[in-house]
Every structure is written in structure tokens, then in C-alpha cells.
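Numbering of ligands and ligand atoms starts at 1, following listing order. When a residue number appears, it is its place in the shown sequence, counting from 1. What you see below is based on every heavy atom in this structure, not just the backbone, and it leaves out hydrogens, waters and symmetry mates.
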Amino acid sequence: MAKQMMYCWLSIPLSTAKQRFNIKTAPLSSRPVLASARAERRISTASKKKKKKERNNSVEELVVVKNDKEKRRTRSEKEYEELHSFHQTESHVPVMLGEVVDVFSSLTLRSFIDCTLGAAGHSSAIIKGHPELECYVGMDVDPVAHAKARAHIDALLHSTHSSLKPHLLFKNFKYIKSVVGEIDDDYNLLSSGVDGILMDLGMSSMQVNNPQRGFSVLANGPLDMRMDPRASVKAKDILNYWPDDEVGRILREYGEESNWRWLQKKIVQARQQGGLHSTGELRDLIQGATHGTKGGRQGWIKTATRVFQALRIAVNDELNTLEKSLHACFECLVPGGRLAVISFHSLEDRIVKQTFLKIIEGNEGDGDVVEEEAGKRDLRKMRNDVNEKETWIRQMVQGQSGIILTKRPITPSEEEERLNRREAGGEEPRMMVPSGNKWKATGKEGLTTFTSFAFPYLTNSRKRNETVNVRRANMTVYNSKKANLTAARKERMKLPITDSGYRFSEFLSHPFGIQAILNTGSLQSFQSLDANTYRCILPKVELLNFEAAPVLDLRVTPADEDCTVEMISCKFQGSELVERQNDHFSAFMVNHMTWNTNITEPFLEVDVKLNLMLEIYTQPFTLLPTSAVESAGNLVMQALLDRLVPLLLEQLLLDYNKWTNQHLAIIP
Ligand SMILES: C[S@@+](CC[C@H](N)C(=O)[O-])C[C@H]1O[C@@H](n2cnc3c(N)ncnc32)[C@H](O)[C@@H]1O
């Protein structure tokens, strides 16, 4: 049984959601893809005889719009072939393409983010099927993927005479919120929200098929495994330098490898002989360590597959990133928008499932009961509408903040599996190379056998690491209004010319520089949550008779040429009443710092954007038009930024001076 899954997720409020579910609103030009995608679904569920008939129907729909001389093919065959020629050079065919197209087909997709761009297979289909798109963003951490994706998307836009200006960003999807805040075009993604988001987890075949990336079990190459070449940790660092226990934990938790103790011992012993430096050396070690155990060749290959998976997850911090990012994606969605996630193995499945449930559950018991009931009625009605029109949706799970459209994941259609088998067919010897969300094999078995063979035991429970949960404010009061407040401030200051030779980027990556950015001197306390995220507790402020301490979770990402500070969560600590207000707002801030020190007048520039989503649910504010609350709120926020940003910048420069002077003092 193949393991790919898609969970689809839909958020409330309901009025917009209903409208977005109206399949008739899908523009005509998207029909060929939509019709064919619907046909695909029918193919995967109907009987053989019915399948044949429906396949012909789908072809007819296609032919009407396209070319009546077109050869009769099923949608999957046709799309497969189109994509195959499209991706001739890199053999990457996006997984579950029909299903992905289906999920978004009923939405008017004015904005879309593909978090895992790859070779832009999914993105191309979405762009093609949604000419109404005004804002498209593709993200990937792999520059190779970018080069391919850019070429494909540009060619597609050119051939369709589209004026869409794609934003292709070399960024980790965990930064989706700051990306949304930073996109600077007419669409204004930050205030409009995102209609559709896609995550297609795992590696692309471009990555696996290049032995130099270190992902392949059988092809020899360096022990790298970084999807993002800017990242500092490689697989060889973990194997050769990380504490023994940590190596064991990775094998146990991320590979669910029962033989982890023995492997850990062998890996640590290998350090005495100079360590492991190539995938071939690791493979030989695994082969030796599993020698004589059950399963022969298949036994060690299975173990190697699990070990490679474990290392890849650790190198790319995949599971932590996934959990955090699902929350962040949720926050970016427009009410009624959809998030679709294609996961590959059971560790990912579990995180997606549990996080979705957590997200939709929100805070129970809050809010006005009568209004909540009305909301539920709307929700029920919408569920019926949805069921009628989108046959792929099954067993929805309704929560206070949203709906999971697929309680049980969708798996690839029979057709796709058949096509994958065709692609996978080949000669002995059997060769396994993980490939994106599929596994390609040469050998007689098809994909179905192969996927279960690849990850037979990935079912143990995983210890969860502490994460910073970014939760959308629980807008539990139905019919309340939402105000969207924004403020922005750019500020440039001269950087002092120092003789120290230290670069500003070095200062920002130094602990002293991080503290300066966080302005820890003015905090009540701060703690590090993970490598680059900090919880900052501000001194208490008095609000009427209440005391509240703002708690900010800030992520600092210093790089050579810029530094980004994102506020990923803002809450108030205090009495219960104060803390309850946390459910009625969400705030987002991004500060993008850039500098130039190679000119006669070096400078530092900060670009701060602040966004506050506020629920208006108490009188007298509910009586005012939202625009009145927004304009007053915007003025207050702007005044705050205008006052604070120059002060913070000044303080940062003072700290920079202090730091460079201290360094000068210790240089002999
Ligand atoms: C399975 S491929 C996606 C294929 C893509 N859907 C297509 O149609 O071509 C997954 C991609 O996600 C990228 N990726 C993995 N983790 C990422 C992350 N945290 N942030 C951004 N991109 C990531 C990988 O570099 C890879 O290119």
C-alpha cells in the first residue's frame, strides 16, 4: 500500500468558505484540468467497467475544450506524458498531481504558495488551472530546484501570455509568515491572506539522483544530505562529532531502527579510525553491522534506508520544522482557504494529523454559545455543500477554528500507481533510490510492494521536542468583526567605520550581537527556545486594574548579507482575564536588516513591518465600522513604530561600537 497522504484543511469563517466552495465559480479555462482531475478520482474508486466508461467521459470533456483530434487517453496517462516530456531532463514527475489539482479546483485562487517548489510540477498545474491567480509564491531551500522551477514557470507564463509575476524564494517554508509579510506587490498578500498552500514533503528526484548530495543509499557520494546548502550541519558531522547518545536517539526516533544500539556503537567505533566520510563507507558499516541478521541483502538495505532517513531528518530538522510550519501556514490562510500536505512516511503523517487536529480544535468553551450554535449550523450546511460537489472529500473533522476535509488521507489513485509501476519497471539487480515522494526501483516489483518494503516499521511513537507553537488567535465569537492593522517603518543609519576588520554580520551572529538585537537589556528575562528562537518576557505593563507581561517569541536569522528578526508569537501573561485576550488577536512582525560596509559611507537599514489581527467583539467597538477601528489602530501602531524603531537602531549601533572596541582591546 503506497503511503503518500494528503490532508486538506479548511478554515472558517464560513460565509467566504461557502463562496469559495462553489465549483461553478471556477473559471472556464481551468476546466480541462479540473474535469480531468475529477475523472481521475472516479477512476480510482469505481468498478472496472465503470472506470472505462468514465475514462471516456473525461476524455470527452477534455477533447471538447482542447482538440477534437486528440488521441483518447486517460487524464493520468495524458498528464503523465505531458509532464514527462516537460521534465525530460530530470525525470521528476510530481506525485498525486490530479489530487492536488482537485483540492484547489473549486477555489477562486487569487493567491497561492507552493512551500516545496521542487521542479514546479505541481505549481505549473496550479498556475495553468487558475488564470485568476494574482499572487504566486514558490519556496524551496534548494538552489538547483530553483533553477529548474524558474525555467519551467517562465516558459509556462510565456506560452500562456500570462502577466503573473511569480515570486520564487530561496527560503525554508518555516519562514512562510515572514515571506507573506515581505512580498511587496499590488496584491498585498499580508492583508489579503493566502487562498491556497501546498506542501509536498520529502526529497525531489533531482536531489536523490545526484550522488554528490549524499541522499542515495547505493550511489557513493559525500555524507552531506543537506537540502539547503547554506545549512551548516552535514550527515558526516552528526556521525563523526555528535554525542553518542544523540546519534542513538536519531537512529531510534527518526529511523525507528530496532538495531540502533549496535549501529550507534559501530558508528562511534568508526571515529577511532578517522570517521565516516562517504555514503559508501556508511553503507559498508551498516552492511557489516547487520551481517548475519535475518533478511540477507534486503535486511541490510532496509536498515540502510532507515538509517539514511534518520540522518536526513536530523540534518534538515524536518520534523520540528514541519510541526511549526503547519501552524504558520494556518495563520497565513485566508478564511475558507486550503492547505494541502502530501506526506511520505509515517512520522510525517502522524505530525500532520496531530497538528491539524490541534489547530482545528482551538480553545473550547470560549465565546458566545448562541453565536457558536449559529456558526455550527453554517458549518453543517457548508459540509453538505462540500460533500455534494467535491466527491474526494470524506469524513470531515469539524473543529472550532477549521475543518479537516480528509480525516483519512487520500492515497494515490490506482492509475498513478500503475503509471509509477511503468516508470519503475526494469532489470535486475534491484536498486533502490528514494525519489521525492515516490520510490523508484529497478526490479520486478512495482511501487506498491516497494513502498511498504521501504518503510516497514515506521510506527513507533516519537518523543516530541519542545516547539514554539505559533497558534492563530482563536476567533471563537462568530459574527465578530476582524480588524487588520498594519504599520511599517524603514530607517537607515550610518555604520561607524571600524579598523577592527570585523564585519557587521559577525557581530550579529555573535551572542553579544544577538542580545543586542533582542535588546535584552530592557527585558525582564529571556530564554533560548532552540538554536535561533528566543522567548523574551517584557516588564509588566499596567492595563487599568490588570497587570500583563508581553511575551514575545522571536526568531533571529543572521546571514552574511542580511538578518531577519521575526516575531512568531506575541502573548500576554497575567491574570486569566488578561490571558484570555490572547485568543482575540494575533500579531506578526518582521524586521529585515541589511547593510553595506563596502562603501565610503557604510550604512545599516532596517525595514520593519508590523501586522495585528484584532477581533472586535465588545461594545462599543462592535458598533463602529471596521474601517474606523482600523484607521485609529493604524495611527497608534504607526506612532509606536516611529518612536521605537530609531531608538532600537540607536541602541544596536551603540552595542556594535562597544563590541568592536572590546575586540580591539583584546587584539595584541
Ligand atoms: C518532493 S519535492 C517537491 C516537488 C514539487 N512538488 C514538484 O512538483 O516538483 C520537495 C522539495 O521540497 C524542498 N524542501 C524540503 N524541505 C523544505 C523546507 N523546509 N523549506 C523549503 N523547501 C523544502 C526540497 O528541497 C525539494 O525540492
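For Phe215 and Phe308, the gap between ring centers reaches or exceeds 6.0 Å.
Close N/O approach between Asp114 and ligand 1 is not found [any backbone or side-chain N/O within under 3.5 Å]. Remark: ligand 1 and Leu201 share no N or O pair separated by less than 3.5 Å (distance only, no angle test). Taking any N or O of Met139, backbone or side chain, none lies under 3.5 Å from an N or O belonging to ligand 1. At under 3.5 Å, not a single nitrogen or oxygen of Ala145, backbone or side chain, sits near a nitrogen or oxygen of ligand 1.
Here Leu117 has backbone heavy atoms under 4.0 Å from ligand 1, and that is the only part of it that gets that close. Residue contacts with ligand 1 for Ser123 are absent, since no atom lies close enough (heavy atoms, distance under 4.0 Å). Contact annotation for Met206 and ligand 1: no heavy atom of the residue comes within less than 4.0 Å of the ligand. When non-hydrogen atoms are compared, ligand 1 lies under 4.0 Å from the backbone of Met203 (N, CA, C, O) but not from its side chain. If you look at Met227 next to ligand 1, the close heavy atoms, those under 4.0 Å, all belong to the side chain. Looking at Ala149 against ligand 1, nothing comes within 4.0 Å, counting heavy atoms.
With contacts defined as side-chain heavy-atom distances shorter than 4.5 Å, the pair Leu347/Gln309 qualifies. The side-chain heavy atoms of Leu190 and Phe588, taken from C-beta on, include a pair separated by under 4.5 Å. Looking at Lys302 and Arg306, their side chains come closer than 4.5 Å, going by heavy atoms from C-beta outward. Using a 4.5 Å cut-off on side-chain heavy atoms (C-beta onward), Ile153 and Leu168 make contact. The shortest side-chain heavy-atom distance between Ser325 and Met199 falls under the 4.5 Å cut-off.
One option in Asp140, Thr116, Ile126 has a heavy atom closer to atom 26 (C) of ligand 1 than any other, and that option is Asp140.
Each of the following atoms of ligand 1 lies closer than 4.0 Å to a heavy atom of Pro94: 8 (O). Per-residue contacts place Gln207 under 4.0 angstrom from the following atoms of ligand 1 (heavy atoms of the residue considered): 24 (C), 25 (O), 26 (C), 27 (O). Every atom of ligand 1 with a heavy atom of Asp142 under 4.0 Å away is listed here by number and element: 25 (O). Against a heavy-atom cut-off of under 4.0 Å, Gly121 is close to the following atoms of ligand 1: 7 (C), 8 (O), 9 (O). Under a 4.0 Å criterion applied to the non-hydrogen atoms of Cys115, ligand 1 contributes the atoms 21 (C), 22 (N). Each of the atoms 18 (C), 19 (N), 20 (N), 21 (C) of ligand 1 lies under 4.0 Å from some heavy atom of Asn172.
The pair Arg213-Asp142 counts as a salt bridge, with a side-chain nitrogen and a carboxylate oxygen less than 4.0 angstrom apart. With respect to the salt-bridge test (charged N to carboxylate O, under 4.0 angstrom), the residues Asp228 and Arg230 qualify. In this structure, Lys177 pairs ionically with Glu331, as a charged nitrogen and a carboxylate oxygen lie closer than 4.0 Å. The existence of a salt bridge linking Arg350 and Glu323 is excluded, since no basic side-chain nitrogen approaches an acidic carboxylate oxygen closer than 4.0 Å.
Look at Lys171 and you'll find a heavy atom under 4.0 Å from some atom of ligand 1.
A perpendicular orientation is assigned to the rings of His146 and Phe170, their planes being inclined by more than 60° (bins at 30° and 60°).
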